Structure formats: structure tokens, C-alpha cells
Enquirer: 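Right, I'll just put the structure down here and ask away after.
Order of the sequence lines sets the chain letters (A, B, ...), proteins ahead of strands, with each chain counted from 1. Quick caveat: nothing in here was measured; it's all calculated off a predicted structure.
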Amino acid sequence: MEAVIVKRSSGGLGCFNCANWLPHVHYPFAGYCTVWGEVTFEDYYCSKHSMMSVDADRFYWCASCRVRLTREEASTHWVQGHRVVRGAYVDPDVRDEIYEG
Amino acid sequence: MVDLSFIIGGPQGGGVESAGQIALKAFVVKGYNVLGTREYHSNIMGAHSYYHVRVRDGPARALRTPVDLVVAIDAESVLTHINDVREGGYLVYDLDSVETDATKIASMEPSLRSRLRRFFESINMKPTVGSAVKVLEERGVRTVGLPLKDMLKKVSETLGAPIASIAKTVNVIGLTAGLYTLGVGLEYIVKAVEAQFGRRPKILAPNVTAARVAFEFMEWNFGSMKELPDGPHRGRVRMVASGNEVVAMAKIVGGLTFETFYPITPASDEAFYIEENKYVELGELSRRLGLDRLPIVVLQTEDEISAINMAIGAAVAGARAATSTSGPGFSLMNEAISMAVEMEAPVVVTLWMRAGPSTGIATRTGQQDLLHAIFSGHGDTPKIVVASGDHVEAFYDAIKAFNWAEMFQTPVIHLLDKYLASTITVLDEWDLDVSRISINRGLRVESPPEGYKRYEVTDNGISPFAPLGTTTMVASSLEHDEYGFASEDPVDREAMVEKRLRKFETMAKSIPEEEKLSVHGDPDARVTIVSFGSTKQPIISAMEELEREGVRVKFLQLRILSPFPSKTVSEILDNSDLIIGVEANSMGQLAFLVRAHTGIEVGHLIQKFNARPFYDVEIVYGVKRVLSEGARRVVVSGGA
Ligand SMILES: [Zn+2]
Ligand SMILES: [Zn+2]
């Protein structure tokens with residue numbers, strides 16, 4: 001791949017509004033890029049950037065409300081300016097941090 | 001004298017657990033005594049949770065607020081703990097969160113949101129993190145804003161690799177900055193991080209780097225650190241363990257062979273620990289069996305009814321058997337408790353109390369199941385109920401519970417609570433000394449003679465116990481004759497009821513008085529605190545403080561609640577001018593028992609039922625209110 005990750009957002013584009021990026025469930029300034037397969041930051045940018053939008057019939061995640069949404073719900077949150085993304089990133093070792101009940 | 005308290009707050013599941021444990025370990029490495037507990041939400045991942053820690057050079061017996069430091073990993077933590085930092089203390093927070101408005105924090109409890117909104121309205125400020133920081137600064141709190149995102153980036157760049165665990169790394173950054181303010185040097189933090197993640201290199205490296213990056217940030221901005229001197233235990237090998245773990249260890253060394261459970265907070269962790277450490281070296285027996293170790297059977301059943309019935313079955317068949325649960329599960333076990341009494345089954349029920357009624361607040365503490373335990377089971381159901389005051393007592397009591405169950409062929413309910421379950425303390429080897437306790441399996445016959453009577457009527461009510469299957473015998477829930485065969489004959493019935501009652505008297509007589517209760521403090525003091533369970537150490541800590549102020553108090557700690565040590569309790573209370581109960585319930589359940597057994601009124605109660613543990617300062621406050629104004633009931637409410 002000739003594309004690279006640039007460590008600053010560019011022209012209003014960045015991981016924060018990239019459809020390939022899943023912000024961390026608790027710390028949404030960092031997240032997981034499904035293209036590069038690694039943790040990046042909201043203000044990183046790469047040439048694989050794909051603008052986030054709510055159109056496909058799938059589940060979404062609202063990082064502002066920390067809730068999973070259907071497409072209709074996601075559209076409502078989206079127009080209210082919430083941070084709607086395709087999903088949230090959960091650390092692989094999250095089980096260490098939670099307790100069974 | 002070193003006496004530090006701090007809180008590390010953040011979203012549940014967001015790394016606070018690791019951070020809390022690292023913090024405890026750093027202070028243990030530094031040579032201090034520590035006590036730390038976790039407060040977390042029962043069902044919302046991302047809801048606010050926090051680790052609350054006390055560090056002392058003397059014994060760390062209790063938590064308290066206000067604290068010297070709040071590390072607030074997220075906006076919600078800053079706002080939630082706005083009243084918890086003392087003047088001159090520190091707040092460490094994320095600089096990027098200053099704009100965050102309480103009304104926009106999805107995970108915040110609506111009631112807290114309203115309280116914050118009203119508070120900030122009253123001082124004409126917006127309910128934001130920035131406002132909270134300003135308020136705290138005006139109160140004399142020193143604030144440290146961290147550019148958390150940039151620091152995390154720096155960790156990744158320094159490492160030359162992406163971060164493996166965002167949550168842990170973010171927390172180590174915040175924690176390191178916090179520990180700097182308390183004077184804990186980088187080497188101790190790194191040692192603690194290694195102790196926490198040592199076996200997982202992918203997680204270890206970024207977290208060691210995170211500690212370095214955060215420490216350098218602090219030194220760059222605030223100069224070189226004022227080092228806290230090492231504590232009195234520096235260089236010693238010590239153990240940190242939670243109440244759940246200590247009880248699990250005790251059961252293993254106490255000869256447990258069969259444990260059942262149905263998952264429930266705060267009991268499950270105990271069973272999980274046994275499961276993880278279930279292989280027991282067999283020693284002598286190994287040669288005969290051709291095995292060097294055997295596992296304890298740990299069985300997750302389909303529900304609590306099954307859990308206790310299986311444990312009863314195992315107990316009757318001769319296994320050292322236990323089940324572990326909390327209030328809601330124990331409700332389901334009620335019928336079987338009754339059966340265990342009827343069958344004289346030596347089963348142990350470890351009951352970790354939490355905040356009821358019903359599912360109530362599943363992950364928070366309380367002492368509301370005392371009467372539930374005492375009166376569990378229908379019919380006349382004499383049984384043993386033992387309540388442990390702290391980790392060390394819990395260890396020995398868990399072993400004794402098995403001994404008593406088998407010596408008296410009775411269900412034993414070991415009463416603990418969520419606070420002890422999730423509180424981590426530091427222990428020395430001699431605190432958990434197996435040689436101090438022996439295993440007593442009671443009057444057992446492995447090869448029962450011809451005509452063996454399982455329920456033989458004896459003077460002390462105890463019949464020789466042969467495990468089910470060693471001869472033809474019957475054990476059922478029905479009233480029976482001496483052989484165990486069902487009988488509705490009035491003479492048989494009376495004989496069996498009397499036998500079980502005599503057995504109860506035998507329990508009362510055989511268990512030494514010093515194991516039933518303890519008196520702490522000046523035995524001649526005219527003011528007596530009466531309590532049970534996990535309030536023990538907070539009360540002792542409060543007494544130390546009261547004594548410094550010239551207030552003399554003694555503390556009657558009830559450890560065996562059934563059979564109730566009526567005579568000794570009467571003597572002690574008759575010799576008191578003022579009796580103050582301390583209970584984490586609203587009904588005064590222990591006061592009720594004391595009155596029922598002695599006719600003595602516990603005239604004053606210090607209570608806490610907001611589902612958070614007692615702080616020592618709250619007991620000091622309560623005792624003073626009772627002494628100065630004769631308050632009948634003081635309700636204390638610390639904790640977020
Ligand atoms: Zn990208
Ligand atoms: Zn939303």
C-alpha cells in the first residue's frame with residue numbers, strides 16, 4: 001500500500017469522520033482503524049479516508065450517547081450533531097476491567 | 001505519620017480496575033499498608049466507577065473522604081467527586097474535557113445531573129468540567145490538567161507501535177500523574193505496573209512507557225518530585241488480596257472438595273478463584289492413587305436452588321461442601337436450608353451481603369441480610385451464623401465454618417459482604433497462618449457397624465456421621481426415626497426436635513466465648529459500640545481517632561450471631577452507660593437481635609444504607625453526635 005497515516009487531520013477530514021474508524025467505547029479520542037488494523041487517533045488522517053454517513057441499513061453507535069442505534073435512530077442522532085459512527089472499539093482485554101454479575 | 005487517601009475515577013470497564021490495583025501495589029512496594037475498594041455500577045458498562053484507596057504507615061483500616069487526590073480519567077469523574085477532594089489536595093483531569101457539560105454526559109445518573117445543575121446554577125456557572133475545576137481551585141485544591149490524547153499519542157510514538165490497550169494506558173497516564181503528586185517515584189510505579197502486567201508483554205511495554213511519559217510530563221511542568229519517604233515495610237514480601245480471594249484460599253486450605261455456585265455479585269469471584277486454583281497437592285494419598293494432585297469440584301449450577309441442593313448432597317455423602325451466594329440467591333436457598341437442618345447436613349453457605357431488597361443495587365454493599373440468615377429456613381431451624389469483621393477473620397472463619405458444620409452436622413452460614421468481597425488489603429504471611437487452625441471433621445464413622453443409626457438420639461444431640469453410601473441408610477427432608485426412615489409418630493417427632501435443640505445447645509457450649517465475640521478498646525469504657533461484620537475495622541479506626549481526642553469507647557464485636565452469646569453480651573452491655581449500634585442497614589437488625597436475646601435496648605444507632613461502606617470519619621462523627629446531643633439515630637451518607 002502506498003498510502004500512509006498522517007498524524008494530523010487534513011481539510012476537515014480525519015479519523016473522527018471516517019467510516020472506517022471505530023472510536024474507543026470510553027475514550028473516543030482514540031480508536032481503531034478497520035483499514036489499517038491498528039489504533040489511531042481522531043485527528044489522524046489517511047488517503048483511505050471514507051466520509052462517515054448514515055445511509056446503509058445497519059446498526060450504528062452514538063459515541064455522544066454511548067448507545068447502539070438502528071438506522072432510523074442513527075439519523076435522528078446524526079442530525080442533532082451527535083457523534084454517530086459505525087461501531088465502537090472495545091479493547092481486546094476489556095474483560096480484565098469488568099466483573100461478572 | 002503518613003496517611004493518604006485517593007480516588008481514581010473513570011468509566012466502568014475503562015481501566016479503573018487495573019489502575020486501582022497498580023496504585024495499591026505501588027504503595028505496597030514502597031512499604032506502606034494499603035486498603036482499596038472498587039465502587040462500580042451494576043449493569044452499565046461505561047457508568048462511573050472508582051477505586052478508593054487509603055495508605056498509611058500504620059494499619060490502613062478504613063476508607064474516608066475528603067481525599068488528598070482525585071484522578072479523574074473522564075469528565076464524569078471530575079463532576080461526581082467535586083466534593084471529595086480536601087483543601088490542598090490534588091485533582092488530576094483531562095484538559096480536553098473542560099467543555100464537557102454534565103447535562104450531556106449520557107452515563108451520569110439523572111439525579112446527580114440535577115444536583116450538579118442546581119449547584120452550578122446557584123453560583124451562576126455552567127455545569128461543566130471547567131466550572132468544576134474553577135470551583136475546586138477556589139476551594140484551595142491544586143489542579144493538574146493533562147493533555148491526555150497528546151500524551152497517549154506520545155506513548156504510541158515513543159513505543160514506535162500502536163497502543164494495544166487504550167483503556168489501561170490512559171489510566172496509567174492519569175494514575176502516574178496522580179502518584180507524582182503524592183510523592184511516589186517512577187521506579188515504584190514501574191514496579192507496580194510490572195507486577196500487574198508482567199506476564200503480558202504486549203500490555204506491559206505500552207504501560208511502562210505510559211508511566212514514563214506521564215512522569216516526565218509532571219517533572220517538566222512541576223519540577224522534580226517531592227519524594228514520599230519509604231514506609232516501614234519496604235523490602236518485605238507481602239500479599240495483596242481481596243476478601244473474595246482470601247475466603248477462596250481459606251476454603252482450599254480448609255479442605256473444601258465441592259463448591260457450587262450460580263453467578264451472582266459479589267460472590268462469583270470467590271468461586272472463580274477456587275476454580276483457577278482448584279488443584280490440590282495430595283501428598284501421602286498421591287502414592288496410593290497414582291496421582292499427585294486432584295481438583296476441587298467447582299460447579300456452576302442452573303440456579304441457586306440447585307446449587308445448595310447439590311452441596312447438601314455432597315455434604316451428606318461426606319464431602320467438605322459449600323455454596324456461595326448473595327441475598328437474592330440466598331432467598332432461593334431458603335427451603336434447602338430447612339432441609340439441611342432436617343437432614344443434619346454439614347453444608348457451608350457463604351453469604352456475601354449486598355444492597356437489597358431484591359436486586360436493589362447489586363454491586364454495592366450493605367448489612368441487610370443478618371436476620372435473613374438467622375431466620376432462614378422454615379420450621380425450627382437452629383443453625384450457626386458467623387460474621388467476619390475483616391480479611392483475616394474471614395480466612396479463619398471460612399475454615400472454622402467447615403469444622404463447625406461437620407462437628408455439629410448443621411448448616412453454617414458465613415456472613416460477609418460486598419465491601420469485604422471487593423476490598424483489597426495487604427497481608428503478611430503470618431496473617432493467614434494455616435498452622436493456627438486444625439481440621440475437625442467431627443464424629444465420623446467411615447465403616448458403620450451393623451444396625452447403624454444415622455440419627456441416634458444422644459445426650460449432646462450429635463449422632464455419629466457416616467457418609468451416605470457407606471451402609472444402607474436414608475436421608476430425606478422428612479421427619480424421621482433414628483435410622484432416618486420417615487416417621488410421623490409423635491414420640492419420634494418430639495425426640496428428633498429435642499435432639500436438634502440439644503445439638504444447638506452443644507454448639508453454644510462448645511464454641512469458645514472468645515470466638516463468639518470480641519471486645520476491642522478499653523474494657524472499662526462506659527460507652528459501648530455494638531456491631532458485626534465489616535464495620536469492624538472502620539470502628540476500630542474511629543476509636544483510635546476518638547481516643548486521641550480523649551473519648552473512651554469500647555467495641556463489642558459480635559462474631560457468632562447464632563447461637564447468640566446472650567449471657568456475655570448481657571454482662572458487657574449491663575456494664576455500659578451508653579450503647580451505640582453501628583449497622584449498614586436501616587432497621588437496626590443487630591439491635592433487634594440484641595433486644596430479643598438480652599432485653600437490652602441499643603439506644604442509639606449510627607446507620608448507613610446508601611449502599612456505600614462506612615468511613616471511619618463517619619463513625620467518629622456519629623459517636624460525637626450521640627455523646628453531645630444524645631442523637632437516637634445518626635444516618636451517614638459518604639460515597640459517590
Ligand atoms: Zn484512515
Ligand atoms: Zn446520540
Enquirer: Between E97(A) (side chain only) and G14(B) (backbone N and O only), is there a donor and an acceptor less than 3.5 Å apart?
Expert: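 No; zero donor-acceptor contacts below 3.5 Å.
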
Enquirer: For F29(A), is it the side chain, the backbone, both, or neither that has a heavy atom closer than 4.5 Å to a heavy atom of chain B?
Expert: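 Both backbone and side chain.
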
Enquirer: Side chain, backbone, both or neither: which part of T40(A) has a heavy atom under 4.5 Å from chain B?
Expert: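 For T40(A), neither part sits under 4.5 Å from chain B.
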
Enquirer: Closest heavy-atom contact between Y44(A) and K153(B)?
Expert: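 What the structure gives for the nearest pair is CE1-CE, 3.7 Å.
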
Enquirer: Please name the pair of heavy atoms, one in P11(B) and one in R66(A), separated by the smallest distance, quoted to 0.1 Å.
Expert: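 Looking at all heavy atoms of both residues, the shortest contact is CB-NH2, 4.1 Å.
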
Enquirer: If you count every heavy atom of other residues, nucleotides or ligands that lies below 6.0 Å from Y262(B) atom OH, does the total exceed 12?
Expert: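 Counting neighbours around OH of Y262(B), 12 or fewer heavy atoms of other residues, nucleotides or ligands fall under 6.0 Å, so no.
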
Enquirer: Measure the spacing between NZ of K168(B) and CG of D93(A) and express it to the nearest 0.5 Å.
Expert: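 Taking NZ in K168(B) and CG in D93(A), the distance rounds to 3.5 Å.
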
Enquirer: Where is the tightest heavy-atom contact between A30(A) and L152(B), given as atom of each residue plus distance?
Expert: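 Minimum heavy-atom contact is CB-CD2, 4.0 Å.
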
Enquirer: Is I105(B) close to chain A through its backbone or its side chain, or both, or neither, when contacts mean heavy atoms under 4.5 Å?
Expert: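 The answer is neither part of I105(B).
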
Enquirer: How long is the span from the CG atom in D94(B) to the OH atom in Y27(A), to the nearest 0.5 Å?
Expert: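 D94(B) CG to Y27(A) OH: 10.0 Å, rounded to 0.5 Å.
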
Enquirer: For K104(B), I'd like to know if atom NZ has over 12 heavy atoms of other residues, nucleotides or ligands within 6.0 Å.
Expert: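 For K104(B), atom NZ is not crowded (no more than 12 foreign heavy atoms under 6.0 Å).
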
Enquirer: Side chain from CB out, backbone as N, CA, C, O: work out which of these in A167(B) comes under 4.5 Å of a heavy atom of chain A, or both, or neither.
Expert: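 Backbone plus side chain of A167(B), per the 4.5 Å heavy-atom cut-off to chain A.
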
Enquirer: OG of S156(B) to CD of E38(A): how many Å apart, nearest 0.5 Å?
Expert: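 The CD atom of E38(A) is 7.5 Å from OG of S156(B), to the nearest 0.5 Å.
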
Enquirer: May I ask you to name which of V67(A), V94(A), D96(A), V90(A) has the most heavy-atom pairs under 4.5 Å with chain B?
Expert: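 Among the listed options, the one with the most contacts to chain B is D96(A).
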
Enquirer: Taking side chain as everything from C-beta outward and backbone as N, CA, C, O, which of these in Y32(A) sits under 4.5 Å from a heavy atom of chain B? Side chain, backbone, both or neither.
Expert: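 Neither the backbone nor the side chain of Y32(A) comes within 4.5 Å of chain B.
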
Enquirer: When heavy-atom pairs shorter than 4.5 Å are enumerated against chain A, which of A267(B), S326(B), A19(B), P162(B) gives the highest number?
Expert: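 Most pairs with chain A among the choices: P162(B).
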
Enquirer: Which region of N171(B), side chain (C-beta onward) or backbone (N, CA, C, O), has a non-hydrogen atom less than 4.5 Å from a non-hydrogen atom of chain A, or is it both or neither?
Expert: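 N171(B) touches chain A through side-chain heavy atoms alone.
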
Enquirer: Would you check if H26(A) and V170(B) make a side-chain contact, meaning some heavy-atom pair closer than 4.5 Å?
Expert: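 Side chain of H26(A) against side chain of V170(B), heavy atoms only: no contact under 4.5 Å found.
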
Enquirer: Please look at Q21(B) and chain A and tell me whether the side chain, the backbone, both or neither of the residue comes under 4.5 angstrom of a heavy atom of that chain.
Expert: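 Interface part for Q21(B): neither.
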
Enquirer: What option among A106(B), S18(B), G10(B), P266(B) has the most heavy-atom pairs under 4.5 Å with chain A?
Expert: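 That would be S18(B).
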
Enquirer: Which region of A164(B), side chain (C-beta onward) or backbone (N, CA, C, O), has a non-hydrogen atom less than 4.5 Å from a non-hydrogen atom of chain A, or is it both or neither?
Expert: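 Only the backbone of A164(B) comes within 4.5 Å of chain A.
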
Enquirer: Evaluate whether atom CZ of R200(B) has more than 12 neighbouring non-hydrogen atoms of other residues, nucleotides or ligands under 6.0 angstrom away.
Expert: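 Yes, the 6.0 Å shell around CZ holds more than 12 heavy atoms from other groups.
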
Enquirer: Going from CZ on F41(A) to CG on D150(B), what distance comes out if it is rounded to the nearest 0.5 angstrom?
Expert: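 With rounding to 0.5 Å, CZ (F41(A)) is 9.0 Å from CG (D150(B)).
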
Enquirer: Measure the spacing between CG of D91(A) and OG1 of T169(B) and express it to the nearest 0.5 Å.
Expert: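 D91(A) CG to T169(B) OG1: 7.5 Å, rounded to 0.5 Å.
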
Enquirer: Should we count CD of E157(B) as having more than 12 external heavy atoms under 6.0 Å?
Expert: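 More than 12 heavy atoms, drawn from other residues, nucleotides or ligands, come within 6.0 Å of this atom.
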
